[in-house]
Amino acid sequence: MAALPLFVTGCGGGGSSSSPPQTGVTPPLVPAGPSLPPLPSGAIRTAYAGQFAVGAALKPSEVISGSEAAALVADQFSSVTAENIMKPEALAPTPGNYNFGQADEMVDFAVANGMEVRGHTLLWHRATPDYFFEGTPAEVRARLETYIFDVVTHFKDRVQHWDVVNEVVADGGGGTAPYRDSNWYRAAGGPNYIDWAFNAARAADPNAKLFINEYSTEFAGKRDRMLGVVQDLLARGIPIDGVGHQMHINRTLSAQNAFDALQAVDNLFAGLVNHITELDISIYSDPGSCFVNGTGCADDIGDALPASWRRQQAQLYRDLFNGFLTFPSLLSVSLWGLTDDGSWLNTWPVTRTNYPLLFDRDGAPKPAAFAITDPTYEIQ
Ligand code: G3I
């Protein structure tokens with residue numbers, strides 16, 4: 001919430017400010033929105049207690065003791081994910097040299113506040129130094145196993161869930177599908193690296209729950225490829241406990257798509273747990289080309305968020321969380337960020353102002369936050 005001064009309040013006339021008029025400066029606009037009371041203490045985490053944990057992906061600045069952000073997190077959430085600082089490039093920037101400082105601070109914050117931690121992520125084709133991919137497949141394997149064993153051991157008993165592999169599934173058919181044609185696939189000489197990763201994590205901490213984490217599981221094609229990979233792992237006795245559905249969606253998606261993803265995992269009857277790991281709801285509805293090459297993306301609306309979009313987003317959050325309650329296999333739902341200004345969606349797939357989360361740029365609760373915590377709240 002470092003950007004608190006971004007918005008001024010009370011514009012629209014009638015103000016009694018004694019500040020001198022600022023000539024030639026256009027003050028930032030307050031996004032049109034209903035005036036809302038504070039969110040009751042603990043509203044989000046207690047609304048779903050006993051069903052699933054509710055988490056947020058955090059930056060180091062959001063767990064600094066005494067900060068507004070840390071107070072908000074501790075009050076409202078029951079799980080923490082490090083947005084970036086537990087990725088390989090952060091934990092092991094050079095071979096054999098671990099850099100656990102910031103991650104330890106975040107994990108210790110979670111433990112001190114009685115929160116769960118989702119470790120994200122032990123293996124990804126991004127955010128990983130090049131040295132991980134050097135040498136023969138045997139060398140790549142030994143390095144990966146050592147890294148995973150060391151990291152999981154370091155956080156043993158403090159991190160309950162690990163995204164062991166992230167985004168290993170192909171976006172389409174052909175080629176290496178169902179596996180992504182990635183630096184990992186090429187360095188290992190095939191998909192065996194997935195087995196190596198899960199086995200190393202299990203060896204380090206038999207109690208941690210181990211996940212495959214994937215995006216677009218709300219769509220049948222990607223989902224089916226992911227399920228094929230999971231079934232193969234299960235059939236060969238690779239230790240996998242659950243499926244993480246990232247769930248980066250937009251306000252026009254039907255909630256049913258998300259439920260289909262959870263149901264598909266249940267339909268395997270393998271006892272797997274479901275987690276929603278990176279939920280956010282973009283207010284932009286884009287064509288596929290926007291995500292492939294950044295073309296055709298919806299125009300930046302800046303501060304002019306249409307009220308109908310805000311309502312649609314809040315309703316979708318409500319529909320999702322209501323439906324989530326009907327899945328006993330769903331044990332964790334995490335938002336990918338805390339406040340709208342900190343979201344990755346302000347710079348991806350193009351730079352534009354987005355409003356995807358539950359708290360606004362002032363750290364104040366949005367209609368979506370009330371929609372998922374108060375059944376009597378009429379979405380405005
Ligand atoms: O911290 C540096 C800063 O010092 C530097 O000045 C700046 C210049 O680019 O970069 C900063 O690092 C950026 C980092 O985010 C922190 O803001 C990296 O460039 C940028 O690549 C990184 O992006 C993250 C991305 O993963 C890649 O690791 C996003 O914040 C993060 O939200 C995103 O998260 C992923 C999940 O891990 C997996 N699922 C998809 C999701 C969204 O892409």
Side-chain angles (χ1 to χ4, degrees), residues 55-65 70 73 79-113 115-168 182-188 192-213 239-241 244 277-278 334 336 344:
L58 301 177
K59 307 175 196 311
S61 60
E62 291 166 333
V63 296
I64 293 174
S65 178
V73 171
S79 179
V80 163
T81 306
E83 183 178 5
N84 288 313
I85 59 172
M86 289 172 78
K87 292 171 180 174
E89 69 178 3
L91 292 185
T94 54
N97 297 314
Y98 293 108
N99 179 17
F100 288 121
Q102 284 192 314
D104 276 338
E105 285 175 24
M106 188 172 287
V107 170
D108 288 347
F109 165 86
V111 171
N113 287 287
M115 307 166 88
E116 297 182 357
V117 181
R118 300 198 77 264
H120 176 85
T121 173
L122 296 171
L123 181 148
W124 193 19
H125 61 279
R126 297 178 57 198
T128 304
D130 289 343
Y131 75 79
F132 273 90
F133 308 107
E134 291 169 358
T136 65
E139 290 167 334
V140 169
R141 176 180 184 168
R143 189 185 297 116
L144 175 67
E145 289 175 342
T146 298
Y147 171 78
I148 290 180
F149 189 85
D150 288 352
V151 170
V152 174
T153 299
H154 178 83
F155 293 108
K156 196 168 184 289
D157 300 327
R158 294 188 294 158
V159 171
Q160 295 78 26
H161 319 279
W162 281 102
D163 288 336
V164 177
V165 297
N166 188 42
E167 303 176 4
V168 297
S182 72
N183 40 19
W184 276 116
Y185 190 97
R186 290 188 291 274
N192 283 354
Y193 68 91
I194 300 173
D195 299 4
W196 304 339
F198 276 102
N199 285 328
R202 179 64 98 229
D205 186 354
N207 295 321
K209 300 299 179 197
L210 308 182
F211 288 75
I212 184 173
N213 193 42
I240 176 172
D241 299 304
T277 56
E278 304 183 19
S334 292
W336 200 245
W344 69 297

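- Between Val63 and Val73, every side-chain heavy-atom pair lies at or beyond the 4.5 Å cut-off.
- Residues Asp104 and Phe155 have side chains in contact (heavy-atom distance under 4.5 Å, counting atoms from C-beta outward).
- Every residue was checked against the side-chain hydrogen bond (donor to acceptor under 3.5 Å, both in side chains) condition with Asn113, not counting sequence neighbours, and none meets it.
- To the nearest 0.5 Å, the span separating CG on Leu122 from CG on Asn213 amounts to 11.0 Å.
- Between Tyr98 and His154, the ring center distance fails the sub-6.0 Å criterion.
- Contact detail for Pro137 and Ala188: the closest heavy-atom pair is CB-O, 3.7 Å.
- Here the side chains of Met86 and Val151 are not in contact, with every heavy-atom distance at 4.5 Å or above.
- Annotation: the span from Asn183 atom CG to Tyr193 atom OH amounts to 8.5 Å, rounded to 0.5 Å.
- Panel note: side chain Gln160, backbone Val117; a donor-acceptor pair is recorded below 3.5 Å.
- Contact record, Ala92 with Tyr147: CB-CE1, 3.7 Å, taken as the closest heavy-atom pair.
- Here Phe132 contributes atom CZ and His125 contributes atom NE2; the two are 15.5 Å apart, rounded to the nearest 0.5 Å.
- Paired with Asp163 under the rule salt bridge (Lys or Arg N to Asp or Glu O under 4.0 Å), one option of Lys209, Arg118, Lys87 passes, and it is Arg118.
- The minimum heavy-atom distance between Thr153 and Ala204, with the atom names listed, is OG1-CB, 3.5 Å.
- Glu167 contributes atom CD, which lies 8.5 Å from atom OG1 of Thr121 (distance to the nearest 0.5 angstrom).
- Looking only at atom types and distance, the side chain of His161 has no donor-acceptor partner in the side chain of Asp241 under 3.5 Å away.
- Nearest heavy atoms, Ile148 versus Ala201: CG2-N, 3.5 Å.
- At a threshold of 4.5 Å between non-hydrogen side-chain atoms, the residues Asn84 and Glu89 do not count as touching.
- Closest non-hydrogen pair, Ala70 versus Phe109, comes out as O-CZ, 3.6 Å.
- Residues Val140 and Trp184 meet the side-chain proximity criterion, which asks for heavy atoms closer than 4.5 Å.
- Using a 30° and 60° split on the angle between ring planes, His120 and Trp124 fall in the tilted class, from 30° to 60°.
- In this structure, Trp196 and Leu123 have side chains that are not in contact, with every pair of non-hydrogen atoms separated by 4.5 Å or more.
- One distance of note links CZ of Arg143 with OH of Tyr131; it measures 8.0 Å at 0.5 Å rounding.
- Put simply, the side chain of Glu139 gets close to the backbone of Thr136: a donor and an acceptor are under 3.5 Å apart.
- The distance from the CG atom of Asp195 to the CZ atom of Arg141 is 8.5 Å, given to the nearest 0.5 Å.
- A heavy-atom distance below 4.5 Å is found between the side chains of Arg202 and Leu210.
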- Show your reasoning for whether side chain to side chain contact (heavy atoms under 4.5 Å, CB included) applies to Val159 and Val107. CA-CA 8 Å; Val159 171; Val107 170; 4.2 Å; yes
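- Pro239 and Phe198 get closest at one heavy-atom pair: O-CD2, 3.2 Å.
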